[in-house]
2 protein chains.
Amino acid sequence: MNLKQQEIADRLGISRGTLHRVLVGSPLVNKKTRERVEEELKSLNYIPNRAARSLKVGRSMTLGILGPARIRMSNSLKLDGVYHTAEERGYSVIISYSDGSRESDERGIKHLLSHMVDGIIVMGRGLCQPSDHFKAYQDAGKPIVSIYPIHDVECDCVFLDTAAAFERMTRYFIEFGHKRIGLAVFMPRTSRFVLTREQGYVRALEKAGIPFDPGYLIYASPSIMGGEEVPYIESLEAADMDYAAGFWATREIMRRRPRPTALVCASDDTAIGALRAANLAGLRVPEDLALIGYDNSTISRYTSPPLTTVEQPNYRMGQRAVEILLDRIEGRNTSEKCINEKIPFRLVVRESCGAYLQSSGDVPESTAPKKKRARAKAKSKG
Amino acid sequence: MNLKQQEIADRLGISRGTLHRVLVGSPLVNKKTRERVEEELKSLNYIPNRAARSLKVGRSMTLGILGPARIRMSNSLKLDGVYHTAEERGYSVIISYSDGSRESDERGIKHLLSHMVDGIIVMGRGLCQPSDHFKAYQDAGKPIVSIYPIHDVECDCVFLDTAAAFERMTRYFIEFGHKRIGLAVFMPRTSRFVLTREQGYVRALEKAGIPFDPGYLIYASPSIMGGEEVPYIESLEAADMDYAAGFWATREIMRRRPRPTALVCASDDTAIGALRAANLAGLRVPEDLALIGYDNSTISRYTSPPLTTVEQPNYRMGQRAVEILLDRIEGRNTSEKCINEKIPFRLVVRESCGAYLQSSGDVPESTAPKKKRARAKAKSKG
DNA sequence: GTGAAAGCGCTAACAG
DNA sequence: CTGTTAGCGCTTTCAC
């Protein structure tokens with residue numbers, strides 16, 4: 001059973017004060033006593049009570065995450081970054097889910113605060129939107145960093161410029177000579193998730209002087225797809241969404257005349273759904289339909305053909321989020337100004353768009369630098 | 001800023017005792033007082049301090065997870081099950097990673113205990129092995145449930161009989177008429193991960209009277225694969241392991257003479273790696289090489305051909321783990337006897353093994369019951 | 001119905 | 001160098 005400091009002190013015939021001093025490594029302890037204490041401590045397997053400690057010092061050494069459902073792999077990876085980095089720095093992590101609604105966010109933050117977290121990382125799309133609810137908690141008294149940009153509010157954040165990424169992806173097709181380019185996105189059209197993608201896509205088209213054809217922009221959604229006779233789609237909930245959307249969007253877009261020759265996909269998983277639809281339709285990728293994904297998920301190297309995609313350094317983003325947060329918590333950053341850390345992405349060229357075409361700093365996979373885990377420093381490319 | 005009970009009581013001119021009574025919904029409070037208090041509470045946005053509460057009552061309403069790195073999607077899904085269920089029941093969750101080594105497990109459990117968790121869920125392979133370290137913590141005084149079976153120790157657990165699953169998978173090939181069947185597994189041969197798979201595979205062979213050919217059993221490992229010239233394998237760490245192993249194993253096994261006609265894969269991701277290797281080698285699946293996966297991951301429906309696989313009800317397992325744990329924590333289960341809950345799996349027949357062949361309760365996808373999210377009650381099949 | 005008081009395990013300030 | 005003490009915010013017992 002687990003002893004408390006008092007009991008240990010008693011056993012050793014010393015005071016709690018002295019015990020505490022050796023516990024925190026204070027030099028103000030007799031060498032002999034210290035050794036005796038340390039020995040006993042080891043054999044007793046003392047486990048400090050953090051609740052008591054937190055209560056006393058007013059800090060818990062734990063970080064809170066206001067998180068989304070973790071189904072999407074990219075979120076999982078971000079979380080890994082957060083967890084490992086926090087652990088390295090001696091912090092625990094506790095998650096509270098939120099669906100992004102105001103009530104849910106409020107409940108979540110309250111929950112975290114009640115745990116006395118020292119800071120909060122916001123990972124959902126939640127606070128990224130109109131986010132009046134954010135204001136309410138801004139002065140929860142705890143530092144917050146968002147893993148997506150919060151535009152209408154002052155807040156530290158680390159983000160990837162998704163619009164720029166999708167502009168780049170679209171431009172890649174354009175440089176290849178494609179004129180009829182589709183975009184497959186899904187779910188609420190007003191979510192930042194699709195807004196940014198659409199924006200980048202349109203921007204690339206505009207810059208190239210290619211007229212925007214709304215027929216090439218496919219918004220898949222459970223309700224729409226449910227109405228269609230779509231094989232493979234039996235449950236249209238989160239886990240399936242990306243694949244299903246890609247699958248459905250591809251079927252849909254191939255009905256357009258003239259037919260698009262390239263499809264920008266919201267994610268690698270979306271591209272995989274698209275790939276399947278193309279296969280079933282007897283379309284060759286990239287010859288009949290070129291595909292580009294987003295995420296550089298591990299699997300994108302193993303599809304046939306392997307996916308050209310944009311790398312999103314998820315692990316790194318999680319890592320940076322806690323670093324920025326800890327700078328605030330531990331007082332290394334006292335500036336009023338918010339940190340807005342843009343994480344660079346890079347285009348990873350494989351085969352789903354046709355033969356390698358290298359341009360402005362993009363790396364075909366063969367020459368890509370060896371990656372060191374997910375922590376890989378991404379080659380800058382903005 | 002966040003008020004404490006004392007301050008609120010003062011504002012209202014009542015005692016902490018009374019405040020507390022309305023907070024916990026005790027009937028021993030004057031109606032008027034109660035209303036007044038509740039109103040004030042709402043407007044003040046009171047956030048209770050759980051550290052103080054935990055300290056006082058000796059319970060924290062939080063569950064600890066001794067977890068593996070979360071990279072594998074199936075773990076992510078299990079965690080989802082744990083989180084959502086815990087949240088529904090009013091518990092928070094905190095994770096501590098462990099690589100499965102004794103030191104790491106000890107550190108992790110200690111960490112959780114120091115958070116005063118009310119119970120622990122063990123998710124890694126860690127404690128599933130020789131697990132002398134488990135003994136050390138068995139009487140940490142907290143209930144523990146393992147999400148894999150711990151054979152040599154008394155402990156509640158929920159598990160899927162992996163050996164039975166792999167026996168079933170192998171038998172499926174046998175029923176199809178295959179005689180030369182390979183098994184692609186990886187990493188430490190002594191891990192329960194491969195032991196169970198190998199065992200099931202061999203058992204099916206034995207029962208069918210097919211001689212076991214060690215040459216058909218491929219153990220991929222980073223070191224082995226690193227020596228080979230294996231494209232796609234640039235980082236052989238966890239994230240890539242499944243794919244890379246499947247890729248490498250397929251190349252390897254196709255060198256065997258006579259060539260196997262079917263390959264049992266350690267996971268769906270392994271099967272996907274295998275599929276890619278087969279594609280590159282110009283082998284048709286399933287005609288030249290039949291493939292079966294394990295997990296029924298979402299993507300297995302979107303590969304070409306879609307994967308026949310075994311469904312592992314991850315979400316459900318996480319869910320059951322917390323239910324069993326809470327029964328213990330909340331005193332509904334005081335039995336000395338350990339719970340050993342075997343979660344049923346089912347074979348999901350798609351196309352990677354050839355035309356549909358239905359047998360003993362297996363469900364071809366077309367007739368599979370509509371799945372309700374990951375929570376789906378799996379059709380019994382054991 | 002209500003208030004007062006003790007104490008959960010720990011830290012930190014102060015006295016020796 | 002060491003021991004004593006006063007709380008951190010909350011729950012709970014007991015007395016009114």
Side-chain angles (χ1 to χ4, degrees), chain A residues 1-38 40-41 44-62 90 92 110-111 113-118 141, chain B residues 1-38 40-41 44-62 92 110-118 141:
Chain A
M1 209 21 225
N2 197 3
L3 299 186
K4 58 183 91 164
Q5 288 186 4
Q6 183 64 271
E7 295 168 323
I8 298 181
D10 289 350
R11 271 164 167 269
L12 290 159
I14 58 172
S15 72
R16 288 191 274 144
T18 306
L19 208 209
H20 180 248
R21 258 165 246 129
V22 352
L23 247 14
V24 300
S26 152
L28 306 172
V29 168
N30 182 305
K31 199 156 284 178
K32 299 231 161 123
T33 322
R34 144 159 293 128
E35 281 164 11
R36 212 159 55 86
V37 173
E38 280 174 343
E40 183 76 349
L41 236 28
L44 250 31
N45 187 35
Y46 168 67
I47 299 176
N49 182 320
R50 294 176 68 130
R53 179 173 202 285
S54 303
L55 188 56
K56 179 64 188 174
V57 303
R59 302 182 34 203
S60 61
M61 296 298 282
T62 105
S92 303
K110 208 162 163 174
H111 176 227
L113 254 20
S114 114
H115 270 279
M116 297 188 67
V117 295
D118 300 330
Chain B
M1 209 20 225
N2 196 4
L3 299 187
K4 58 183 91 165
Q5 287 185 7
Q6 182 65 270
E7 296 167 323
I8 298 181
D10 290 351
R11 271 163 169 270
L12 290 158
I14 59 173
S15 72
R16 289 192 272 144
T18 304
L19 208 210
H20 180 249
R21 257 165 246 131
V22 352
L23 245 16
V24 300
S26 152
L28 306 172
V29 167
N30 182 305
K31 199 154 287 176
K32 297 230 161 118
T33 322
R34 144 158 295 128
E35 280 165 10
R36 211 159 54 86
V37 173
E38 280 175 343
E40 183 76 348
L41 237 27
L44 250 30
N45 188 35
Y46 168 66
I47 299 177
N49 181 320
R50 294 175 67 129
R53 179 172 202 286
S54 303
L55 188 56
K56 179 64 187 173
V57 302
R59 303 182 32 203
S60 61
M61 296 298 283
T62 105
S92 303
K110 208 161 162 175
H111 176 227
L112 295 177
L113 254 19
S114 113
H115 270 278
M116 296 188 69
V117 295
D118 299 329

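Residue numbering restarts at 1 for every chain, and letters A, B, ... go by the order of the sequence lines. Keep in mind that the numbers below use all heavy atoms, side chains included, and drop hydrogens, waters and symmetry copies. Since the structure is predicted, the reported quantities are computational estimates derived from the model, not experimental observations.
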>> Would you say that Ile14(A) contacts Arg36(A) through its side chain, given a criterion of any heavy-atom pair below 4.5 Å between the two side chains?
In response: yes
> Which parts of residues 24-35 of chain A get close to DNA chain C, meaning a heavy atom less than 4.0 angstrom away?
Replying inline: none
> Just how far, in rounded Å, is P of dG7(C) from CD of Glu7(A)?
Replying inline: 16 Å
> Given atom CG of Asp10(A) and atom C1' of dG9(C), what is their separation to the nearest angstrom?
Replying inline: 13 Å
>> I want to check one thing: is the phosphate of dG9(C), taken as OP1 and OP2, less than 4.0 Å away from some side-chain N or O of Tyr46(A)?
In response: no
> Nearest heavy-atom pair of Ala51(B) and Ser54(A): which atoms, and what distance?
Replying inline: CB-CB, 4.2 Å
> CZ of Arg36(B) versus C1' of dT2(C): gap in Å, rounded?
Replying inline: 13 Å
> With sequence neighbours left out, what residues match Arg11(A) under salt bridge (Lys or Arg N to Asp or Glu O under 4.0 Å)?
Replying inline: Glu40(A)
> How sharply is the helix from dG1(C)-dC16(D) to dG16(C)-dC1(D) bent, taking the axes over five pairs at either end and rounding to 10 degrees?
Replying inline: 50°
> At their closest point, which heavy atom of Tyr46(B) faces which heavy atom of Ile8(B), and how far apart are they?
Replying inline: CD1-CD1, 3.6 Å
> What pairs with Asn30(A) under side-chain contact (heavy atoms from CB on, under 4.5 Å), at least two apart in sequence or on another chain?
Replying inline: Lys32(A), Thr33(A)
>> At 4.0 Å (heavy atoms only), tell me whether Arg16(B) reaches a base, stays on the sugar-phosphate, or touches nothing.
In response: base
> Rounded to whole angstroms, how far apart are CG on Leu12(B) and C1' on dG3(C)?
Replying inline: 15 Å
>> Reading DNA chain D from 5' onward, which residue's closest nucleotide shows up sooner: Ile14(A) or His20(B)?
In response: Ile14(A)
>> Using heavy-atom distances to pick each residue's nearest nucleotide on DNA chain C, tell me which of Leu19(B) and Ala52(B) is more 5'.
In response: Leu19(B)
> In a check of side chain to side chain contact (heavy atoms under 4.5 Å, CB included) between Leu19(A) and each of Asp10(A), Val24(A), Val37(A), which one passes?
Replying inline: Val37(A)
> Is it true that a side-chain atom of Arg59(A) and a backbone atom of Asp118(A) form a donor plus acceptor pair closer than 3.5 Å?
Replying inline: no
>> Whether Gln6(A) contacts dC8(C) is assessed here as follows: a side-chain N or O lying under 4.0 Å from the phosphate OP1 or OP2. Is that the case?
In response: no
Check nucleotides 13-16 of chain C for protein N or O atoms closer than 3.5 Å to its own N or O atoms and list the pairs.
none

> From the 5' end of DNA chain D to its 3' end, which nucleotides mark the outer limits of contact with chain B, defined by a 4.0 Å heavy-atom distance cut-off (strictly under)?
Replying inline: dG9(D) to dT12(D)
> side-chain contact (heavy atoms from CB on, under 4.5 Å) between Leu23(B) and Gln5(B): does it pass, once the steps are laid out?
Replying inline: CA-CA 10 Å; Leu23(B) 245 16; Gln5(B) 287 185 7; 3.5 Å; yes
> Starting at CG of Asn49(B) and ending at P of dG9(C), how long is that distance when rounded to a whole Å?
Replying inline: 16 Å
> How long is the gap from CG on Leu113(B) to NE2 on His111(B), to the nearest 0.5 Å?
Replying inline: 11.0 Å
> Taking only residues two or more places apart in sequence or in another chain, which ones pass side-chain contact (heavy atoms from CB on, under 4.5 Å) with Glu38(A)?
Replying inline: Val22(A), Arg34(A)
> Which heavy-atom pair separates Met116(A) from Asn49(B) by the least distance, and what is that distance?
Replying inline: SD-ND2, 3.4 Å
> Which heavy-atom pair separates Ser114(B) from Pro48(A) by the least distance, and what is that distance?
Replying inline: CB-O, 3.1 Å
> With sequence neighbours excluded, what pairs up with Arg21(B) under the side-chain contact (heavy atoms from CB on, under 4.5 Å) test?
Replying inline: Thr18(B), Ser26(B), Leu28(B), Val29(B)
>> Holding to side-chain contact (heavy atoms from CB on, under 4.5 Å), I want the full list of residues that pass it with Thr62(A), two or more places apart in sequence or in another chain.
In response: Arg50(A), Ser60(A), Ser92(A), Ile94(A), Val117(A), His115(B)
>> It should be established whether Ser15(B) places a side-chain nitrogen or oxygen under 4.0 Å from OP1 or OP2 of nucleotide dA4(C).
In response: no
> Leu113(B) CG to dC10(C) P: how many Å, rounded?
Replying inline: 13 Å
>> Just the rounded figure in Å: distance from C1' of dC10(C) to NZ of Lys56(B).
In response: 15 Å
